[in-house]
Amino acid sequence: FFSSRRRHTRSLCDWSSDVCSSDLQLFASLTDPEVATTDGAGHAKLPAARPQQYVVATATGQVWISPVSEARDWQLRLDEKSRASNRLTELAASRESFRTELAAAAEAKLKARQFAPARYLAGLAQAQSLIGTVNREEAADILQAGNAAFEHRDFSAARAAAERAEALVPNLPTTRELQRRILEEVGGELKTFKGHTAPVTCVAVSPDGVLAATGSEDRLIKIWDVKAGTELRTLAGHRAAVTGVAFSPDGRWLVSSGRDGTIRLWDVGTGTMVKATDGLGWQALCVAVSPNGRYVASGGDDNRAKIYELPGLQLVRQLSGHGWKVGCIAFSPDGTSLITGSEDDTVKFWNLSDGQNTQTLRVGFADVTGLSCAGRLLATAGKDKEIRLWNPSTGRELQVFHGSRGAVQLTANTRYVIAGGDDQAVRIWEINTGKEIATLTGHTGAITSLAIPATSKTLLTSSTDGTAKLWQLPRRLWPAE
């Protein structure tokens, strides 16, 4: 309609086929095109009728007048809308039929195990449940192939199959089981410990393997629940970067070293600092606790190693002889000797009873960055990216492994050596064959230290990327049950 009448009438009708069912109450003919009123009963008061005009009475009590030509135009529009609505209904029915045909074609492709065409046709049919069925069926076939690859020890293919199945249908129990079996066989990342705000310099694990401790350049020590991967408490006290942490054999105490020149003793249960040595202007770079729990040893940038008595941290002995910083330290497994590694390219053995230097090993022409002693073997790491294996009794170099510099750890059974360094990877070699059997990746910064729990099934690492990680070691490294 034209003028204000169109506006009001559209508000009543909205050009739909059901306009007259609710708002249109009366058609009548009037003499003059004017707005009529209603009486008290709601009936329109109309003047003498004239057939060339119509009146439309609404539920609001107002009556609008419209010429016959406009009313006919309105009716034509309503007829067109009705026809269009009928056509849309026909098209909708046709479209639904087409979707049904597409879904049937998709099911046929699925039965033929042609998953890509089946998924495509199901998508055209907008059949989400059918798409889900296609994905589950394809994931089942992929996992079947992955399990077959696992049985043939093709772990790369098995891992790829598990990743494809996970992408199709997340969190399938069968996918999780295959991933677990692969992880146990070849090793891999289990958890990441996040909380430090600076590079993590050191990591240690409690004797029972339940707790881990990390030290960082943010001057803090954090205690973690290894299994849950959660932080339990934060130990604050060092005034400079923490450089080393070590648990006592009974798990009651934690000892730390720092660049503030102090050695600190902490109660693991409460997180309180029990004792601290005086900072004397030198930096403490490493720390270790003797197997019997009686002594703590540290090395520093004053080129000396120091031995303290627990739990009072009384200085017992200072060991001099290195020509440069003492950056790594360990006790022999029997607790009778102390072993120190230095940037003067040497490793020295010291008798704990009298403090005498009993043996010196020259480690090529590279700073010694890590050492580990187990059984009758000693492993050293240097900045020349070589891991060297020694017989401590004779001082003879037995073997050299290439490719990593930083930290080193021997397994308890002395069959494997593990190293991590600035290449951001953990590398594992079998000693008997000299072959690298596994490489574990995940850190984005240099690896600074390693620790193996008593179970020897897992490994802890710290890194300059600000995290520590828990790794599953390959099954062949596990101790015999």
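Small disclaimer: the values here were computed from a predicted structure and weren't measured. Residues take their numbers from the sequence shown, with the count starting at 1.
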Stepwise side-chain contact (heavy atoms from CB on, under 4.5 Å) check, Thr464 with Val200: CA-CA 5 Å; Thr464 59; Val200 181; over 6 Å; no

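- A donor-acceptor contact under 3.5 angstrom links the side chains of Thr461 and Trp471, judged on distance only.
- Taken from CD in Glu231 to NZ in Lys194, the straight-line distance is 14.0 Å, to the nearest 0.5 Å.
- The two residues Ile428 and Pro474 come nearest to each other via the heavy atoms CD1-CD, 3.9 Å.
- Looking only at side-chain heavy atoms (C-beta outward), Glu137 and Phe115 come within less than 4.5 Å of each other.
- Arg99 is listed as a side-chain neighbour of Gln126, based on a closest heavy-atom distance under 4.5 Å.
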Test side-chain contact (heavy atoms from CB on, under 4.5 Å) on Trp390 and Leu398; report intermediate values, then the result. CA-CA 5 Å; Trp390 307 80; Leu398 303 176; 5.7 Å; no

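- In this structure, Leu377 CG and Ile431 CD1 are separated by 5.5 Å, a value rounded to the nearest 0.5 Å.
- Residue Arg164 holds its CZ atom at 6.5 Å from CD of Glu138, rounded to the nearest 0.5 Å.
- For the residue pair Thr201/Thr448, the side-chain donor-acceptor check at 3.5 Å is not satisfied.
- Ring orientation note: the planes of His238 and Trp266 are tilted relative to one another, at an angle of 30° to 60°.
- Distance alone, capped at 3.5 Å, places no donor-acceptor pair between the Thr414 side chain and the Gly375 backbone.
- Contact check on Lys325 versus Asp301 returns no salt bridge, with no Lys/Arg side-chain nitrogen under 4.0 Å from an Asp/Glu carboxylate oxygen.
- Taken to the nearest 0.5 Å, the CG atom of Asp422 stands 9.5 Å off from the CD1 atom of Ile447.
- Using modelled atom types, one side-chain atom of Asn147 and one backbone atom of Leu143 make a donor-acceptor pair closer than 3.5 Å.
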Would Arg415 and Asn432 satisfy side chain to side chain donor-acceptor pair (under 3.5 Å), going step by step from the backbone distance to the final call? CA-CA 7 Å; Arg415 293 175 56 193; Asn432 287 343; over 6 Å; no

Run the numbers on Glu386 and Arg388 for salt bridge (Lys or Arg N to Asp or Glu O under 4.0 Å), then give the verdict. CA-CA 6 Å; Glu386 291 188 343; Arg388 299 173 188 272; 2.6 Å; yes

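- Using a 4.5 Å cut-off on side-chain heavy atoms (C-beta onward), Leu110 and Thr133 make contact.
- The nearest pair of heavy atoms linking Val287 to Val245 is CG1-N, 3.7 Å.
- Within the 3.5 Å criterion, the main-chain N or O of Gly445 finds a donor-acceptor partner in the side chain of Ser463.
- Shown here are the side-chain contact (heavy atoms from CB on, under 4.5 Å) partners of Asp302, two or more places apart in sequence or in another chain: Trp282, Arg304, Lys306.
- A heavy-atom distance below 4.5 Å is not found between the side chains of Leu470 and Thr192.
- Atom CG of Asn413 is separated from atom CH2 of Trp478 by 14.0 Å, given to the nearest 0.5 angstrom.
- A pairwise comparison of heavy atoms in Ala288 and Ala246 identifies CA-CB, 4.3 Å as the closest pair.
- Electrostatic pairing of Arg264 and Asp260 counts as a salt bridge here, judged by a charged N lying under 4.0 Å from a carboxylate O.
- From Ser353, atom OG reaches atom CD of Gln356 across 9.0 Å, with rounding to the nearest 0.5 Å.
- Contact check for Ile307 versus Leu338: side-chain heavy atoms found under the 4.5 Å cut-off.
- For the residue pair Thr358 / Trp350, no side-chain donor-acceptor distance below 3.5 Å is found, with atom types taken as modelled.
- Between Tyr308 and Tyr295, a ring centre-to-centre spacing not shorter than 6.0 Å is recorded.
- The side-chain heavy atoms of Leu378 and Pro392, taken from C-beta on, include a pair separated by under 4.5 Å.
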Evaluate the side-chain contact (heavy atoms from CB on, under 4.5 Å) criterion for residues Ile223 and Leu235: first the C-alpha distance (whole Å), next the side-chain angles of each, then the deciding distance (0.1 Å), finally the verdict. CA-CA 8 Å; Ile223 306 295; Leu235 315 181; 4.2 Å; yes

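- Annotation for Pro249 and Asn292: closest pair CG-C, 4.2 Å, computed over non-hydrogen atoms.
- A donor-acceptor distance shorter than 3.5 angstrom exists from the side chain of Ser342 to the backbone of Trp324, with no hydrogens or angles considered.
- Between the side chains of Thr174 and Glu177, no donor N or O sits under 3.5 Å from an acceptor N or O.
- Annotation: cation-pi pair Arg427/Phe401 absent, no NZ/CZ under 6.0 Å from the ring centroid and within 45° of its normal.
- Under a 4.0 Å N-O distance rule, the pair Arg181/Glu151 qualifies as a salt bridge.
- Thr277 places no side-chain N or O within donor-acceptor distance of the main-chain N or O of Thr262, the cut-off being under 3.5 Å.
- Between the side chains of Gln424 and His443, not a single donor N or O lies within less than 3.5 Å of an accepting N or O.
- At distances below 3.5 Å, at least one donor-acceptor pair connects side-chain atoms of Thr243 with backbone N or O atoms of Ala284.
- Looking only at distances, a side-chain donor or acceptor of Ser216 sits under 3.5 Å from a matching main-chain atom of Pro199.
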What's the verdict on side chain to side chain donor-acceptor pair (under 3.5 Å) for Asp344 and His322, showing C-alpha distance, side-chain angles and the deciding distance? CA-CA 7 Å; Asp344 64 3; His322 281 293; 3.1 Å; yes

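- Side-chain contact between Trp429 and Ile418 is absent, with no heavy-atom pair separated by less than 4.5 Å.
- No more than 12 heavy atoms of other residues, nucleotides or ligands shown are found within 6.0 angstrom of CD on Gln144.
- Lys222 and Thr234 are linked by a side-chain donor-acceptor pair at a separation below 3.5 angstrom, with hydrogens and angles left out of the test.
- Using a cut-off of 4.0 Å between Lys/Arg side-chain N and Asp/Glu carboxylate O, Glu166 and Arg176 are scored as salt-bridged.
- With hydrogens and angles ignored, the 3.5 Å screen pairs a side-chain donor or acceptor of Arg317 with a backbone N or O of Leu352.
- Side-chain atoms of Thr380 never come within 3.5 Å of backbone atoms of Leu371 as a donor-acceptor pair (strictly under, hydrogens ignored).
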Could you walk me through whether Val289 and Leu310 pass the side-chain contact (heavy atoms from CB on, under 4.5 Å) test, one step at a time? CA-CA 9 Å; Val289 179; Leu310 279 178; 4.2 Å; yes

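- Between the side chains of Asn391 and Arg376, not a single donor N or O lies within less than 3.5 Å of an accepting N or O.
- Of all the heavy atoms in Ala379 and Val417, the pair that sits closest is CB-CG2, 4.2 Å.
- Counting heavy atoms from C-beta outward, Leu450 and Leu459 have side chains that approach closer than 4.5 Å.
- Enclosure of atom OH in Tyr120 is not indicated, since only 12 or fewer non-hydrogen atoms of other residues, nucleotides or ligands lie within 6.0 angstrom.
- Ionic pairing of Glu184 and Arg180 is present here: one or more N-O contacts between side-chain nitrogen and carboxylate oxygen are shorter than 4.0 angstrom.
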Chi angles and distances behind the side chain to side chain donor-acceptor pair (under 3.5 Å) call for Thr360, Asn357: CA-CA 8 Å; Thr360 298; Asn357 177 205; 3.2 Å; yes

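- Salt-bridge check for Glu185 with Arg476: failed, with every basic side-chain N at 4.0 Å or more from each acidic carboxylate O.
- Side chain of Ser372 to backbone of Gln409: no donor-acceptor contact under 3.5 angstrom is found.
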